[in-house]
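Okay, structure first, notes after.
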Protein chains: 2
Amino acid sequence: MEASDIQTLLRFFKVMANESRLKVVGLLAQRECSVEELAALLNLKEPTISHHLAKFRELDLVQMQPKGNTHLYRLNMERLNELNKSVVVASPIALAEDVEPEAWETKVLKSYLENDRLTKIPASRKKRWIILKWLVKQFEPNVTYPEKAVNEIIQQAHPDSATLRRELVGYQMMRRENGIYWRLPESEWKPV
Amino acid sequence: MEASDIQTLLRFFKVMANESRLKVVGLLAQRECSVEELAALLNLKEPTISHHLAKFRELDLVQMQPKGNTHLYRLNMERLNELNKSVVVASPIALAEDVEPEAWETKVLKSYLENDRLTKIPASRKKRWIILKWLVKQFEPNVTYPEKAVNEIIQQAHPDSATLRRELVGYQMMRRENGIYWRLPESEWKPV
DNA sequence: CATCTACTTAGACGCATATCTATTTAATTG
DNA sequence: CAATTAAATAGATATGCGTCTAAGTAGATG
């Protein structure tokens with residue numbers, strides 16, 4: 001489906017998003033028409049029809065055949081179907097590909113961090129989750145820490161180490177056993 | 001497919017014909033998002049996202065679920081598919097239904113007739129065809145006319161009865177045998 | 001060759017709309 | 001209850017685009 005990237009799809013929608021052009025599609029779906037004829041049927045001037053047909057031509061949605069002086073236009077149904085299919089195919093996949101997916105997390109981090117220190121603890125779960133993901137990176141994997149060490153590390157970011165330590169355990173980013181803490185692999189974390 | 005008349009289809013295209021909204025569809029196709037999140041991902045302000053989501057809501061293309069303070073939006077895939085299907089279904093059928101199909105012929109007649117007289121004979125076949133369809137109605141069906149009568153009737157519309165009489169026969173709107181003419185049923189006419 | 005006809009191109013005008021800022025509403029937290 | 005946060009709404013601005021008129025082009029006619 002190389003011919004139907006997001007930009008093509010966007011142009012397709014823009015072409016179809018006009019009442020006059022929709023009617024032209026309806027008419028050309030039934031029979032081929034000249035510019036003059038379309039103009040009369042839609043109560044528009046010839047240059048206006050020409051303008052619309054040019055947009056269809058750009059996307060290969062119509063085919064033109066000169067017949068003497070007049071230009072006979074017909075609809076390219078296969079192309080219409082092709083573009084139409086790509087709506088459903090492309091929307092889940094390609095549409096968001098030029099959106100960098102970390103923009104959201106980056107923005108949250110930037111708004112709560114200042115010189116690697118937490119300015120405050122986010123109230124909403126969604127944001128706390130992002131902050132905790134950042135915080136847990138301060139701990140090495142496969143290393144055990146006594147509670148005192150945990151508190152010291154957390155306090156480099158924020159004074160309320162008790163709350164944050166509890167959250168880390170709650171989201172299963174760290175585990176505690178016998179007063180000893182260690183970082184869990186990301187697969188164990190529980191966002192919710 | 002009652003929910004997808006031409007106006008709905010038009011609104012669908014207008015909603016999709018915008019780069020930001022296309023990206024929103026792409027994002028919501030993957031997971032549900034809050035307004036704030038979408039704004040961050042697309043580098044837009046929250047009100048702008050709200051504005052776009054309202055357009056989706058009008059067409060029932062998204063569903064919203066409040067979660068505390070935040071509003072979580074998700075894509076209504078079935079609705080997207082439904083609207084998308086109606087493109088191909090509706091385009092040949094319903095699109096042109098509020099276009100009166102005689103506008104073209106009416107316009108041609110008006111431009112060549114003045115008080116039921118032909119101001120001139122159209123050069124192009126297409127238009128001559130329309131004029132001749134009008135002219136042949138001056139003759140009763142199932143009646144025979146000698147050439148002299150044919151000429152007289154035609155001359156009420158235009159002096160060049162010879163040319164017009166020849167055309168009527170050429171397009172098989174009338175037949176001549178032994179100097180006698182009569183009108184043929186419409187099924188016999190040959191437009192070309 | 002001159003004229004006419006159908007179409008296209010160029011340029012102008014006005015409406016629709018995407019985005020922003022500022023304000024309001026609703027839900028949450030302390 | 002006061003303060004905070006997320007969304008929605010209102011209003012302003014600027015860009016895009018649909019339509020028109022006028023001018024240019026190419027084929028057909030006489």
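Numbers restart at 1 for each chain; the letters A, B, ... are given by sequence-line order, proteins then strands.
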Using 4.0 Å as the upper bound for N to carboxylate O, is an ion pair formed by [Y] and [X]?
X         : Y         : value
Lys127(B) : Glu36(A)  : yes
Arg183(B) : Glu140(B) : no
Arg117(B) : Glu114(B) : no
Glu105(A) : Lys133(A) : yes

Select base, sugar-phosphate, or nothing to describe what Ser34(A) touches, counting heavy atoms under 4.0 Å on all strands.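 Since only primed, P, OP1 and OP2 atoms lie under 4.0 Å of Ser34(A), the category is sugar-phosphate.
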His52(A) near the nucleic acid: base, sugar-phosphate alone, or nothing, with a heavy-atom cut-off under 4.0 Å?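 It contacts sugar-phosphate atoms only.
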Tell me the interatomic distance from [X], atom [atom1], to [N], atom [atom2], rounded to whole angstroms.
X         : N       : atom1 : atom2 : value
Met16(A)  : dC17(D) : CE    : C1'   : 18 Å
Lys107(A) : dT5(D)  : NZ    : C1'   : 13 Å
Lys126(A) : dA6(D)  : NZ    : C1'   : 9 Å
Lys14(A)  : dG16(D) : NZ    : C1'   : 8 Å
His51(B)  : dA12(D) : NE2   : C1'   : 14 Å
Glu36(B)  : dA27(C) : CD    : P     : 18 Å

Less than 4.5 Å apart, side chain to side chain, heavy atoms only: is that true for Asn18(A) and Phe13(B)?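 With C-beta onward as the side chain, the pair stays apart.
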Would you say the ring centroid of Tyr171(B) lies under 6.0 angstrom from that of Trp129(B)?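 Judged by ring-centre distance (under 6.0 Å), Tyr171(B) and Trp129(B) do meet the cut-off.
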Below 4.0 angstrom from OP1 or OP2 of [N], is there any side-chain N or O of [X]?
X         : N       : result
His71(B)  : dA26(C) : no
Ser50(B)  : dA8(D)  : yes
Lys127(A) : dA6(D)  : yes
Ser20(B)  : dA18(C) : no
Tyr112(B) : dT5(C)  : no
Tyr73(B)  : dA8(D)  : yes

So, under a plain 3.5 Å distance rule, would you say the side chain of Asn69(B) forms a donor-acceptor pair with the base of dT28(C)?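 Donor-acceptor pair under 3.5 Å: no.
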Of the options dA18(C), dT4(D), dT19(C), whose atoms approach the side-chain atoms of Arg21(B) most closely?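 It is dA18(C).
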If you measure only the distance, is there a donor-acceptor pair under 3.5 Å linking the side chains of Lys126(B) and Ser34(A)?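 Note: Lys126(B) and Ser34(A) side chains meet the donor-acceptor criterion.
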When the nearest nucleotide of DNA chain C is assigned to Ala123(A) and to Ala17(B) on a heavy-atom basis, which residue is associated with the more 5' position?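 Looking at DNA chain C, the more 5' nearest nucleotide goes with Ala17(B).
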So which one's nearest nucleotide on DNA chain C is more toward 5', Ile49(A) or Asn43(B)?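 Closer to the 5' end of DNA chain C: Ile49(A).
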Residue whose closest nucleotide on DNA chain D lies nearer the 5' end, Thr48(A) versus Gly68(A):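 Residue closer to the 5' terminus by nearest nucleotide: Thr48(A).
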Give, ordered by number, those residues of residues 55-67 of chain A having at least one heavy-atom distance below 4.0 Å to an atom of DNA chain C; if nothing qualifies, reply none.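 Heavy-atom contacts with DNA chain C come from Arg57(A).
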